[in-house]
Every structure is written in C-alpha cells, then in structure tokens.
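Encoded as structure tokens, the structure appears first; notes follow it.
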2 protein chains.
Amino acid sequence: MRNRSSITIKELSTRLGLSTATVSRAFTPGARINDATRSRILAEAEALGFSPNSNARRLAQQRSGLIGLDCPGNFNILDNLFLVELARGIQAAASSSGYGLLLNTLPRDGGDVTLLREWVHGRVVDGVVLVLPPGFPMETLKILAGRDVPCVVIAQNDERATPLRRVTLDLEHGALAALRHLRLLGHRRIGFLSSNPPDSVHRAYTEFMKADNLFDSSLIAYTDASVASARNAMHQLLAVSDRPTAVFARNDVIALGALRAAREMGLGVPGDISVIGHDDIVLAGLTDPALTTVRVDTERLGRIATEMLLEAMQPNAANAEADQELKVHTELIVRDSTAPIARAVVTIHAGENVLA
Amino acid sequence: MRNRSSITIKELSTRLGLSTATVSRAFTPGARINDATRSRILAEAEALGFSPNSNARRLAQQRSGLIGLDCPGNFNILDNLFLVELARGIQAAASSSGYGLLLNTLPRDGGDVTLLREWVHGRVVDGVVLVLPPGFPMETLKILAGRDVPCVVIAQNDERATPLRRVTLDLEHGALAALRHLRLLGHRRIGFLSSNPPDSVHRAYTEFMKADNLFDSSLIAYTDASVASARNAMHQLLAVSDRPTAVFARNDVIALGALRAAREMGLGVPGDISVIGHDDIVLAGLTDPALTTVRVDTERLGRIATEMLLEAMQPNAANAEADQELKVHTELIVRDSTAPIARAVVTIHAGENVLA
DNA sequence: TTGTACGCGTTATCAA
DNA sequence: TTGATAACGCGTACAA
C-alpha cells in the first residue's frame, strides 16, 4: 500500500469541526456556503497543503477535466510543427476553461485508434479534437457513436463532408489573395511550384489563371518539399521562353529553393522576379529578402475547434447541431519578395525577348 | 444528471454471470484469471464497446497515470521550440510506460506555481518534470516536500546545485568541440558573438582562448537573438584590424546574421571566413552554406529526465538516491560553413594586412 | 447555511 | 480461479 502522504477532506473536516460536505463546498465555485467558513476552510487547507484529490473528484463529478487531441497516423504530435501550433491553440482555449490537454501517443498494441477508443469508452477525456489526414476511413469513427464524448474534426476542405462537427481550412482564400496581389503588381506570367499531390491551392491557381486567360501548363513545375528539389523545379520554370515574372510556391521551403535558383540565375528578387511562399514558417521572416507568404493561422484553427468542442460539451446544448461546420481561412502576408513587374520584362510581353 | 452512455463493469458482469471482481481482473495485466474466462470477457467488452472507467480506476489505484511538465515562467510550453522538443522526449518516454503527459497552462488565479501545487497536492499527476529558468527561487519548491509525487528538475549547468533529482545540460562540451574544430582548421583569430547575458558557452570560449593565449576582447561582440542585431555585431567584428577568420555564434539566428554580414562585406563563407552556430534549429540545415553548429539533443534530455522520473516513481526505490544528477552534453554538427583558414589570411598573421 | 448518507465505478483483500 | 465486500475520496440530493 502506498504512503498516504496527502490529507483528505475528511481529516480536514474533523480538524475544523465541520462536515465533509461543507469542506467540499468550499472548493466548489458558486456553492451555497458562508463566506467566513469558506475562507476559514481555505486558510486551513492552505496551511496544511491540501487540495481535493482530483481522481476522487473526477469520479464523483463524472468528468475528467481533460480534452484529448488525436491525430490518427501521426504517432507523435510534437514531431509536426503544424500540429504543435494547432495544439497551442487548443491548449490555450482548453486551459482558459479549466481543461487540461492530453495528446495521443503511440498505441501500445498496434491498432490505430486503440487509444482513441480507450479515451472515449473509458471516459479518459471529456471531449476530443480529431485531426483527420486525407483519406482517413470514416468507418473507424463508429467508436464515437452514441457516446457522451463530443468530438470536433479538423480537416482540409478537400475532404468529403462528414456528419460531424468540424472546422475546415479554406486554403483557397489566401491563395487567391496571393495571386490577386501579383496581378495588381502587373504580373501576368505567374509560375506555380506545386508539391505533389496537387491540392486545393493548386486548384485555386489553375482556376484563377484560367479565369484571366493566363493559364499555361509550362508555368507549373512539380517538386517535393526540399530546397534542392525546389531549386531544380525553379530552374526549369526559368528556362521556358517568356519566363515567369512571379512565382507562387506551395510552401515556404520550396520558396526558399526558388529564391536560391533565382540568385543563381542572376535574377534579383523582387526586382527581376517576385516570389510568394505559403505557410509562413519562422524561416519566412528570416530570408533575404523576407518572404511574402500565405499565413495559415493554425493556432486560431485550434482555438476555434476547441471553442466549438467546449460548447458541445455543455450539458444542455448536447446533441443539438451536431453537424455544424466552421471555416478558417488563410491570408496573405506581404513582405519584401514581391514588387511591381519590371519595365524590361513588360517589353518582352510586347513581343521579343531582350534578355539572354 | 448526465446521460450515462457507457456500460459499467457491473452490468458487464451480470450479463456474463460473473462477479465484478473477475471482470476487473480481465483488464489487469498479470492477474490470476482463467485464460478462457478472460477472453470471454474481453470479447463481450469489445462487442459492447466497454473500457473500464478510467476515473474510477485511478481512484481505486491511487494513481492518475499522468506525468506533468511544468515550466514556471513559461505560460505556454508550446510557444517555445526548445520546450516542444523537450516535451517530445518526455512524451515518448512517458507513453512507452503507459503514462500520459500533461502540460502546464496559464494559472487561473495568478500565482506562478498554483498549478503545480494543485497537481501535486491534488494528485493530478504521479510525477513531475520541472524545467527551472535561471534564478528560479528554490523556496517555491517547498510545496513538493513530503509528498508522494517524485520530481525531476531540468536546469542548465550554471544553476547552483539543488538537493533534487536533476538532469543538467553540459553546454561546454559542444562549445569546446566547436572551438577545437576551428583550431584544427588552423584558425587563431576566432570571434565570438555573445548573447546577453554571458553564460557557460561564453565562459567556455573565454577559457579556451586564454588557454591557447589567443584571447582578445575585441574578438567578442554582443547581440540579442535577432538577425538584424547580429548583423551589426558581425560588422563590428569584421571592422577590427586583423579581423577574425572564424566566428562562433551563441545561436543559429545570430549565425544567420553573421552569414549575411559576411556576404555584405564580400567575404565568402567558408572560403574567407568560417561560421559556427549553436542549437541546430531547422533553419541551420537550410542556409547557404548549410551551417556548422552545435546540437543540443533536447529530446534526449527529456527522455532521460523522464526515465529518471519513472524510476523514482517505482514504489520500492522510492526515496533512495533522491539526489542523483545526470549530464547531457551538446555536440558538434559539421556542415558547410567551416573550412581551413585561407592562405592570404595566414599571411596577414605574419605581419601586414593585405586586404582593405 | 450546514450535516447526513449515499453514489460514483474500480481495485484489492479475504475467504471460498 | 472466483466471489463478496470494503475501501478509494469526493459531490450532492435531501433533510435539518
């Protein structure tokens, strides 16, 4: 048997000549209790180093005071900066309502949602924020059905709709803002450095360019999310006749490769060519020139999802509106890597290539 | 009263014609129970979507299954990349022993260790990893005294010793490796970009240089951790007669500023001047040239601290060795920003300045 | 405003 | 190997 190093509410009550009920009330916000006795109790508790045993409390209250964050397929949330930022928002919202945050971990015995099942069926958590990767099998979520544990799903907007509370990321919003920004600067030959597989940002680009009759498939190059690969892709874009005067990269690391390739070709950024990134990672503010990019307010995404969850956890509005959806959009951050189109290049568009 | 959406162990037992005790045993690893009955129970549980209520379990077992990470002064752990990496290691070690991780949050009512007190006195967690900032008042830790909640402290090695289990970071190890690396490449005029306040890395530099009779206070410049400020400091270093042929920066962001200043002065890195950073942030692998730097294996730091904690949490070895200390040292990562000293500069050392 | 007494769902002890 | 039952420490009707 363990060393019982902590006082219980019972000992405290006898010591004060009160009942356990009264002592309990002293720790319950809004309970009917005389102010004087409450402070007498709290003072004694303070002196003795007493706090109500949280495990007993949780059992009696039928709630754990914990919110879970689960990302099936991502064994360790903290490995992924996107998820860290998301968790930051969730943690902020949760803690300001008195909830703790629990992160998913490697399941001990294999199954991908073993932990989630334990969380929900064992009432380890009072609510769950679920980040679903593209293509996640929805049948797996049956384990949530009929339980008293609300759940909010975070997914990108290309995911097919789910009959759950969800917050989705509207990537098109920021992408279109970036493209419009370039058009306002006079650019017409706008390249796109895509990461495989093409997603809603890519689609936004395609539709935007087509709508303006500017689409040209040779303005698109594919790369993975490494500087080296992006550099190659950028060189490829710069090699086409009538080269782009601006390039939109699917993410900031790719944009960094583009910056490097441009420098290698002797092109000044933004003087000779404009570059826009995506995601606004820390790096983006540190490049030379500082990168214009599209910011994904991931922390806000997490906060909003959590607020939605907390509301669903209210005992009254329980099952009402179990199918609402919220959108969080991305936005353009203008820094120093974009500028009006250069005069010389405008000439090119007029007919002949005066460079190289 | 809440909707009781979950089955209890009692219902399950009557449904199976067994006692609650037996059903409970089915979920206890290593309990004396007939294999056949166990699988019968588990099958039925699976079918009904039953998991033992964790809150009741925690109360009966007198343990929460949670480990807490507290960093007094840092309201949000996830804001700080160092702490995130640390948490990653803690999470990994904790979860592989079946523990969950709880992060500190903004205390609701002000006090700096309010939450820690609640955690320990209320037995919210079974153990605590405590990251202490320099100068943290040790008296505050009285709240841990006499409790059955073990604690491991993580601190830098300049902290005065505490009578607690602790893991400290040996920053000198990597710093000296970096300096030796430069010496082996032939450098003698080695600059140091220090961040205020001077710490053990700074001290390691000073002692190393003095031991080799190379110390010169004009080789040291102070800067805060911004690119702009570091750039200025580097220009200052480059302006001294007999300029350094290598520079050691207190962190990678500062090193980035140094890289930029060098380029502005027309100096090639590493051809004309070598640069070493510190911390090995993601950025370090993406600069041009890729940055040689000192890596702090923060994740390992967290893992080791947690393993120490888990051992202290074993019921048997409870209070034994409550004063052990472990050291985790930093190490040099050689990339492309360091090279042997250039011939021309060697000439300078011979007597006259042929540059500028 | 306070006290009594029961319930929360499991685990652990002891006997069968 | 199984069953009956007492903790575990606290919240909360209900009554006073």
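By convention in this document, chain letters (A, B, ...) are assigned in the order of the sequence lines, proteins followed by strands, and residues within each chain are numbered from 1. Computed from heavy atoms alone, side chains included, the values below leave out hydrogens, waters and symmetry copies.
Picking from D:dG3, D:dT1, C:dT11 the nucleotide with the shortest atom distance to the side chain of B:S24 gives C:dT11. For B:R57, the side-chain atoms get nearest to C:dT11 when compared with the rest of C:dT11, D:dC10, C:dT13. When distances are taken from the side chain of A:T8 to each of D:dG9, D:dA13, C:dT11, the shortest belongs to D:dG9. If you check D:dC10, C:dC8, D:dG3 against the side chain of A:I9, the one that comes closest is D:dC10. Closest to the B:N34 side chain, of the nucleotides D:dG11, C:dT11, D:dT1, is D:dT1. When distances are taken from the side chain of A:Q61 to each of D:dC8, D:dG3, D:dG11, the shortest belongs to D:dG11. Nearest nucleotide to the side chain of B:A56, out of C:dG3, C:dT10, C:dC8: C:dT10. Residue B:T20 places its side chain closer to C:dT11 than to any other of D:dG3, C:dT11, C:dG9. Distance from the side chain of B:T22 is smallest to D:dT2 among D:dA4, C:dG9, D:dT2.
From one end of the helix from C:dT1-D:dA16 to C:dA16-D:dT1 to the other, with five pairs defining each end axis, the axis direction shifts by 30° (rounded to 10°).
Looking only at distances, a side-chain donor or acceptor of B:H121 sits under 3.5 Å from a matching main-chain atom of B:I143.
In this structure, A:Q62 atom CD and D:dG11 atom P are separated by 13 Å, rounded to whole Å. Rounded to whole angstrom, the span from the CD1 atom of A:I33 across to the C1' atom of C:dT1 amounts to 9 Å. Remark: P of C:dG7 and CG of B:L59 are 16 Å apart, rounded to the nearest angstrom.
Among the protein residues, B:G17 comes within range of the sugar-phosphate backbone only, with heavy atoms under 4.0 Å from sugar or phosphate atoms but none that close to a base. Base engagement by B:R25 is indicated by at least one non-hydrogen atom pair under 4.0 Å involving a base atom.
To the nearest 0.5 Å, atom CG of residue A:L130 and atom CD1 of residue A:I154 are 9.0 Å apart.
DNA chain C lies under 4.0 Å from at least one heavy atom of each of the following residues of residues 37-52 of chain A: A:T37.
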